[in-house]
Amino acid sequence: MEKQYAQTVRTRKAPTKTMKDRYVTSTLWLSNNLLNSMEGLQLLANKVLDYPKHLSWLDLSFNEIDEIGKDIEQFPNLKILYLHGNKISNITDVLRLKKLLNLRSLTLHGNPVEDIPCYRNYVVHLLPQLQVFNFSPVIATEKKKALPVGFAKMIRPELRI
């Protein structure tokens with residue numbers, strides 16, 4: 001029998017299915033589904049993917065998601081995460097992504113969080129491994145740029161002294 005490999009790029013064809021009715025793919029596209037939460041994401045991945053830990057590309061764009069859920073931390077091999085066009089408004093939700101050391105590309109544009117001054121600097125500072133943010137390359141000078149004074153207190157009021 002020929003060895004099967006996970007699909008890593010978008011194609012027009014469906015990924016291969018196993019005898020257990022799971023897909024052999026490292027991508028999961030759930031955009032435009034009116035999802036209002038990321039809760040149960042790990043359960044879904046375990047049910048439909050042959051190797052859920054190998055998930056490297058997750059597209060949750062254009063849903064109704066209002067926070068980055070803790071289930072996201074269960075995908076350590078995630079490289080691409082699309083969250084654009086949702087309702088994420090709390091900048092501290094980005095902290096959940098800190099454990100995703102392989103994350104290289106992230107989108108958050110089209111969420112209320114982008115109205116926070118300096119939010120790009122915060123995300124790039126918090127996730128230094130990012131190479132692309134909102135479909136725009138992260139350049140070396142951005143990674144070295146310091147956050148504005150008082151920014152941490154602005155986004156986390158409990159830090160106020």
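Computed from a prediction, not measured in an experiment: that's the story for all the values here.
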How far does OG1 of Thr107 sit from CG of Leu81, to the nearest 0.5 angstrom?
6.5 Å

Looking at CG of Asn86 and CG of Asp66, how far apart are the two atoms once the value is rounded to the nearest 0.5 Å?
9.0 Å

CG on Asn121 to CG on Leu126, rounded to 0.5 Å:
12.5 Å

Looking only at non-hydrogen atoms, find the nearest pair between Leu83 and Asn111 and report the distance.
O-ND2, 2.9 Å

Same cluster or not: are Tyr51 and Ile72 linked, directly or through other Ile, Leu, Val, Met, Phe, Trp or Tyr residues, by side-chain heavy atoms under 4.5 angstrom apart?
no

Do the ring centers of Tyr82 and Phe62 come within less than 6.0 Å of each other?
no

Is any side-chain heavy atom of Leu49 less than 4.5 Å from a side-chain heavy atom of Thr25?
yes

Could you give the side-chain donor-acceptor pairs of residues 38-46 under 3.5 Å, partners two or more places apart or in another chain?
| residue | atom | partner | partner atom | Å |
| --- | --- | --- | --- | --- |
| Asn46 | ND2 | Gln42 | O | 3.4 |

Where Asn33 and Ser31 come nearest, the two heavy atoms and their spacing
ND2-O, 3.0 Å

Result of checking Asn90, Leu95, Leu97, Val113 against Ile68 for side chain to side chain contact (heavy atoms under 4.5 Å, CB included):
Leu97

Could you pull out all residues at least two apart from Gln131 that satisfy side chain to side chain donor-acceptor pair (under 3.5 Å)?
none

Group every Ile, Leu, Val, Met, Phe, Trp and Tyr by side-chain heavy-atom contacts under 4.5 Å, then state whether Val48 and Leu35 land in the same group.
yes

Heavy atoms, side chains only, cut-off 4.5 Å: are Val138 and Leu127 in contact?
no

same_hphob_cluster(Leu108, Val132) at 4.5 Å side-chain heavy-atom cutoff:
no

A side-chain contact here means heavy atoms from C-beta on lying under 4.5 Å apart; do Asn102 and Leu78 qualify?
no

Indicate if Ile139 and Phe135 have the same hydrophobic cluster label, given that clusters are the connected sets of ILVMFWY residues with side-chain heavy-atom separations under 4.5 angstrom.
no

Once side chain to side chain donor-acceptor pair (under 3.5 Å) is applied, do any residues pair with Asn134, and if so which ones, sequence neighbours excluded?
His109, Tyr119

What distance separates Ser61 OG from Leu30 CG, expressed to the nearest 0.5 Å?
9.5 Å

How long is the span from the CD1 atom in Ile80 to the CH2 atom in Trp57, to the nearest 0.5 Å?
5.0 Å

So which atom in Gln129 and which in Leu103 form the shortest heavy-atom distance, rounded to 0.1 Å?
CG-O, 2.9 Å

Give me each pair satisfying salt bridge (Lys or Arg N to Asp or Glu O under 4.0 Å) with a member in residues 68-85, each pair once, sequence neighbours excluded.
Glu73-Arg96, Glu73-Lys99

For Ser105, check side chain to side chain donor-acceptor pair (under 3.5 Å) against everything at least two apart and list the hits.
none

In Å, rounded to the nearest 0.5 Å, how long is the span from OG of Ser37 to CG of Leu60?
10.0 Å

Any pair with a residue in residues 109-133 that passes salt bridge (Lys or Arg N to Asp or Glu O under 4.0 Å), sequence neighbours left out, goes on the list, sorted by first then second residue, please.
Arg120-Glu142

Keeping the roles fixed (side chain from Asp93, backbone from Ile88), state whether a donor-acceptor pair exists under 3.5 Å.
no

